[in-house]
Amino acid sequence: NAGVTQTPKFQVLKTGQSMTLQCAQDMNHEYMSWYRQDPGMGLRLIHYSVGAGITDQGEVPNGYNVSRSTTEDFPLRLLSAAPSQTSVYFCASSYGGRNGEKLFFGSGTQLSVL
Amino acid sequence: DQQVKQNSPSLSVQEGRISILNCDYTNSMFDYFLWYKKYPAEGPTFLISISSIKDKNEDGRFTVFLNKSAKHLSLHIVPSQPGDSAVYFCAASAPSNTGKLIFGQGTTLQVKP
């Protein structure tokens with residue numbers, strides 16, 4: 001039982017480069033979301049999706065793009081990486097409704113932008 | 001503007017004693033609160049939750065208390081064990097934003113043997 005799988009685990013980018021962080025879940029969850037974790041800031045919501053074809057912005061969406069073409073996958077795109085995007089990124093999924101708050105997280109992607 | 005705040009970055013307790021982690025929130029629309037636990041190099045895992053219609057929820061050694069008038073919740077761990085050493089995040093959501101959790105900054109708990 002894989003749960004939520006994130007790739008890659010580590011990535012180093014140069015300023016201005018673009019890349020896609022991959023996220024896949026095999027639990028048939030409706031909800032998926034992306035968070036970033038920074039020291040002293042906790043987890044901040046970047047984008048989330050309540051189902052295939054539906055996405056919305058979170059607290060810190062600038063510089064990131066998402067799409068959800070299937071229930072299983074929710075990739076996060078960095079359009080033009082900046083040093084301020086150095087962070088640990090977590091993908092999460094959950095069932096719908098109020099139980100949607102019980103998120104299942106992946107193990108994270110540590111991103112450094114030089 | 002931090003809507004969910006954990007004002008204690010760290011807490012150290014002796015094994016067997018009680019650990020109390022605190023969390024404050026500002027948004028009166030929040031009606032569902034959760035605690036997550038995170039070990040290094042892993043994603044957070046769900047620990048316990050509470051709805052605003054309750055003031056207490058227990059699950060084994062873990063109890064969450066909610067004081068709506070003070071906009072405050074706390075997580076009690078009794079007895080604390082060394083394996084409880086981790087970062088604890090509280091989180092909140094509002095009915096209009098189901099699935100959209102707002103997290104606090106986290107508190108690092110160290111339980112000493």
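Sequence lines set the chain letters: A, B, ... in the order given, protein chains first and strands last, and positions in each chain run from 1.
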Original post:
From A:Leu43 CG over to B:Gln105 CD, what is the distance, rounded to the nearest 0.5 angstrom?
Top reply: 11.0 Å
Original post:
For B:Leu101, does its backbone N or O pair with a side-chain atom of A:Tyr48 as donor and acceptor, under 3.5 Å?
Top reply: no
**OP:** Report yes or no: do B:Phe33 and A:Tyr95 belong to one cluster of Ile/Leu/Val/Met/Phe/Trp/Tyr joined by side chain heavy-atom distances under 4.5 Å?
**Re:** no
Subject >> Heavy atoms from other residues, nucleotides or ligands near NZ of B:Lys5 exceed 12 (cutoff 6.0 Å) >> reply: no
Original post:
A:Phe90 and B:Glu42: side chain to side chain contact (heavy atoms under 4.5 Å, CB included), yes or no, with the steps?
Top reply: CA-CA 10 Å; A:Phe90 290 100; B:Glu42 295 183 11; over 6 Å; no
Original post:
Same cluster or not: are B:Val4 and B:Phe65 linked, directly or through other Ile, Leu, Val, Met, Phe, Trp or Tyr residues, by side-chain heavy atoms under 4.5 angstrom apart?
Top reply: no
**OP:** Select, from B:Pro44, B:Gly43, B:Gly106, the one with the greatest count of heavy-atom pairs under 4.5 Å involving chain A.
**Re:** B:Pro44
Original post:
At a heavy-atom separation under 4.5 Å, does B:Gln6 approach chain A through its side chain, its backbone, both, or neither?
Top reply: neither
**OP:** Check each atom of A:Gln6 against the heavy atoms of chain B and say whether the ones under 4.5 Å are side chain, backbone, both or neither.
**Re:** neither
**OP:** With a 4.5 angstrom heavy-atom cut-off, could you sort out which part of A:Glu59 is near chain B: side chain, backbone, both or neither?
**Re:** side chain
Original post:
Are B:Ile48 and B:Leu34 connected in a single hydrophobic cluster, I mean Ile/Leu/Val/Met/Phe/Trp/Tyr linked by side-chain heavy atoms less than 4.5 Å apart?
Top reply: no
**OP:** Spell out, yes or no, whether B:Leu21 and B:Tyr25 are grouped together once hydrophobic residues are joined by side-chain heavy atoms under 4.5 Å, including indirect joins.
**Re:** yes
**OP:** Taking the side chain as every heavy atom from C-beta outward, state whether A:Gln37 and B:Phe89 have any pair of such atoms under 4.5 Å apart.
**Re:** yes
Original post:
Counting heavy atoms not belonging to B:Arg17, are there more than 12 under 6.0 Å from its CZ?
Top reply: no
Original post:
Distance-only, no hydrogens or angles: does the A:Tyr31 side chain make a donor-acceptor pair with backbone N or O of B:Lys100 under 3.5 Å?
Top reply: no
Subject >> Cluster link B:Val64 to A:Leu103, ILVMFWY, side chain under 4.5 Å >> reply: no
Original post:
Do B:Phe103 and A:Met41 pass the side chain to side chain contact (heavy atoms under 4.5 Å, CB included) test, and can you show the C-alpha distance, the side-chain angles, and the key distance before you say yes or no?
Top reply: CA-CA 9 Å; B:Phe103 283 82; A:Met41 303 292 289; over 6 Å; no
**OP:** With the side chain counted from C-beta on, respond yes when B:Tyr36 and A:Phe105 share a heavy-atom pair under 4.5 Å apart, and no when they do not.
**Re:** yes
**OP:** Answer with side chain, backbone, both or neither: which region of B:Ala91 has an atom nearer than 4.5 Å to a non-hydrogen atom of chain A?
**Re:** neither
